[in-house]
There are 2 protein chains.
Amino acid sequence: MAHNKNNKPPGRVTLRHVAKESGVSVATVSYVLNDTGSVGDKVKEQVRSAINRLGYTPNLSAQAIRTGRTKTIGIIIPDLKNPFFPELAQSVESAARDSGFAVFLIDTQESAEAEAEGVYTFIKHGVEGIVWCPSSEKDCFKKYAGTIPVVVIDRPLPNYDTVYSDYNKGGKLLAEYLLSEGHRKIGLISGPQTIESAAQRRKGFLEEIGTQAEIIWEVENPFSIKLCPEAVSELKKQDVSVIVAGNDMIAIGAIKILNQLKINVPDSVSVVGFDDVPWSDIVHPPLTTIRQPLSELGKEAVNLLLRRIDNLNASKKTVILDVQLVVRDSVFSLK
Amino acid sequence: MAHNKNNKPPGRVTLRHVAKESGVSVATVSYVLNDTGSVGDKVKEQVRSAINRLGYTPNLSAQAIRTGRTKTIGIIIPDLKNPFFPELAQSVESAARDSGFAVFLIDTQESAEAEAEGVYTFIKHGVEGIVWCPSSEKDCFKKYAGTIPVVVIDRPLPNYDTVYSDYNKGGKLLAEYLLSEGHRKIGLISGPQTIESAAQRRKGFLEEIGTQAEIIWEVENPFSIKLCPEAVSELKKQDVSVIVAGNDMIAIGAIKILNQLKINVPDSVSVVGFDDVPWSDIVHPPLTTIRQPLSELGKEAVNLLLRRIDNLNASKKTVILDVQLVVRDSVFSLK
DNA sequence: TATAATATTTGAAACAATTTAACAGTGTTA
DNA sequence: TAACACTGTTAAATTGTTTCAAATATTATA
């Protein structure tokens, strides 16, 4: 009974256990694991078999202390319920995993305090870098400026690597398309103009429209499916041939209201969105919109982050990804 | 020049730096941080000020080695693009955060290998427990059975704590409602019957229907918006007054097909779903369905997990959460 | 066969934190 | 004044891993 080789040692199996089991030193086991140093073939085999037998798993916390690297990154998401973010999170996680990094996730639910707290948590856990989708205007990294690699998604910020979509071009593509379909009277429900991405798509759109069509009315609305009363009352006027929404959420909100008002989309009025969220081809009518390359965005963010992890003093880099027009059934052709 | 007190030490600030800066020993600093031991008030103040001055952040990796606790858990999600999961992930993360745990996320994209790999990654990082939304039939924890706390969401499994919704009752609620609205000829597009949650909702539904209505046809379909050809051909027959879908995705897929066939929903045929995904009140017509308490599910999962982290040998526990009928506009009343 | 050159293997020192036992001071009490 | 209980502090041990330098074993060369 005293002789129980097969019993797993209590607690976690460590290098030391493996060393004892295979009759070599701890250092040798480490060399085998990392394929460093020079270890004889038979010893290698012994060690490997002991590892399997005992079910040894490296302790990354200990590694982290020794090497200074945790092989983890963090991602800060404003709200997973917003259909814009799941795909982003997915692609960040997947790209990080491909590079051997595990991902901490924090969903701030749009709270600036949660953002700041989250950053602190990440740093305590020693993340090597952070992908940040900002929700508030606050820069929650001020305290750590230049200390930890950060990549911002969706917003150009002076002190950070950034990746976002070519919103300006997206606006232009929409304008071009609507003009080509004969639309000349336009209603605008823009997103909040304090948000850079909303401002850029509006700017691009207006530039391309120029004097070729008329903006009959314009209201600002949060990036939400709920429309403000002003927007609703503009919709009632029926004095435009197309409604250009700041994003798909707003567009879907507008369609819902129009349905309630028994105004047919797109026969009586057309609607376009922006983002191509997964819902946009499920709603009725399927939405004509601008596709952002969400998963590219995530991948690219991880690229930038790895680059900066590699060299904290690398020059600042901004990546702008191409967008494309997705034509579905929410625009009526007036030609 | 040699005297540069204000220079941040290179690399990360450690307890040792703080100790030197405030002129006490490392242990004293630790006592101040953890509020253990007995430390004089003035010393406490000195130490606190040094901490702020240097911007010290505890190193959780080091803590983990010493204490054996990482204060992290992992969550395994099959696919964030599936609208069922983001809210779940959100609530798990939020509940975990409330209990002082950080959350590692892995999105397996429905791959069994990714699942197994993910578990290994989690264990390497020393997570104290794992919330598992299984995608495959495989039990990726076999190797670690009884070693690490695991809570399964959405599927009763013999060896794990589990939390899921009362699918059986959901099925009954739907049946009851449809009967009360006068429906007597039913088409069923069930989810995969190998999946427990799909089987249970079907069972509950059929039990409640009993002999009060007739199941004209039934096909099995993956939990996806894409319908199999058999399902499509059944839809064409127009021999039922309501289509009962295995979940909202299937229901939305059916609505799309019916739209294409110019069959009006709900005037010509009614449709009901299951899950109440965020899309379900955006599609046209808004879907009558069964609401699962997604965020409760997440919270409860974390509860179970913490319980088991506290005591690995606790008795197995299953939590079944209540569901409720959400009546919208996709069912026509035949009374 | 002895020696040099190379190939393996090992012990011990880090790494950043927590914990323990021990120690020097003070103050109280017999 | 010795004995005792406190308080505040410290040095040393511990955790799992990597890595350096030293020690040992093996092979090749003279």
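The chains referred to below are lettered A, B, ... by the order of the sequence lines, with proteins before strands, and numbering in each begins at 1.
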- Item | Polar side chain donor-acceptor pair, A/Gln90 to B/Asp107, under 3.5 angstrom | yes

- Any B/Leu321 side-chain heavy atom under 4.5 Å of B/Tyr164 side chain: no

- Message: How many whole angstroms separate atom NE2 of B/His125 from atom P of D/dT17?
- Response: 14 Å

- Under 4.0 Å from any heavy atom of chain A: name the first and the last nucleotide of DNA chain C that qualifies, 5' to 3'. C/dT8 to C/dA16

- Message: I need a per-nucleotide contact map over nucleotides 8-15 of chain D, read 5' to 3'. Cutoff is protein heavy atoms under 4.0 Å; write B for the base, S for backbone only, - otherwise.
- Response: BBBB-BBB

- Working for side-chain contact (heavy atoms from CB on, under 4.5 Å), residues A/Thr318 and A/Asp161: CA-CA 6 Å; A/Thr318 301; A/Asp161 295 327; over 6 Å; no

- Name all residues meeting the side-chain contact (heavy atoms from CB on, under 4.5 Å) criterion together with A/Ser135; count only those two or more places apart in sequence or in a different chain, and write none if there are none. A/Pro78, A/Thr108, A/Glu110, A/Glu115

- Item | Value in whole Å for how far the P atom of D/dG16 lies from NZ of B/Lys124 | 18 Å

- Message: Just to verify, what does A/Thr36 make a side-chain hydrogen bond (donor to acceptor under 3.5 Å, both in side chains) with, not counting sequence neighbours?
- Response: none

- Please round to the nearest 0.5 Å and tell me the distance separating atom CG of A/Leu306 and atom OG of A/Ser99. 4.5 Å

- Item | Rounded to 10 degrees, the angle between the two terminal axes of the helix from C/dT1-D/dA30 to C/dA30-D/dT1, each from five pairs | 70°

- Would you call the rings of A/Tyr160 and A/Trp132 parallel, tilted or perpendicular, where under 30° means parallel and over 60° means perpendicular? perpendicular

- Task: Only pairs at least two apart or in different chains count here, so list each salt bridge (Lys or Arg N to Asp or Glu O under 4.0 Å) that has a residue in residues 87-105 of chain A.
- Result: A/Glu93-A/Arg97

- Message: Just so I know, are the side chains of A/Ile51 and A/Val13 near enough to count as touching, which here means a heavy-atom distance under 4.5 Å?
- Response: no

- Query: Hey, which of A/Val151, A/Val92, A/Val103, A/Leu297 is the one that makes side-chain contact (heavy atoms from CB on, under 4.5 Å) with A/Val302?
  - Reply: A/Val92

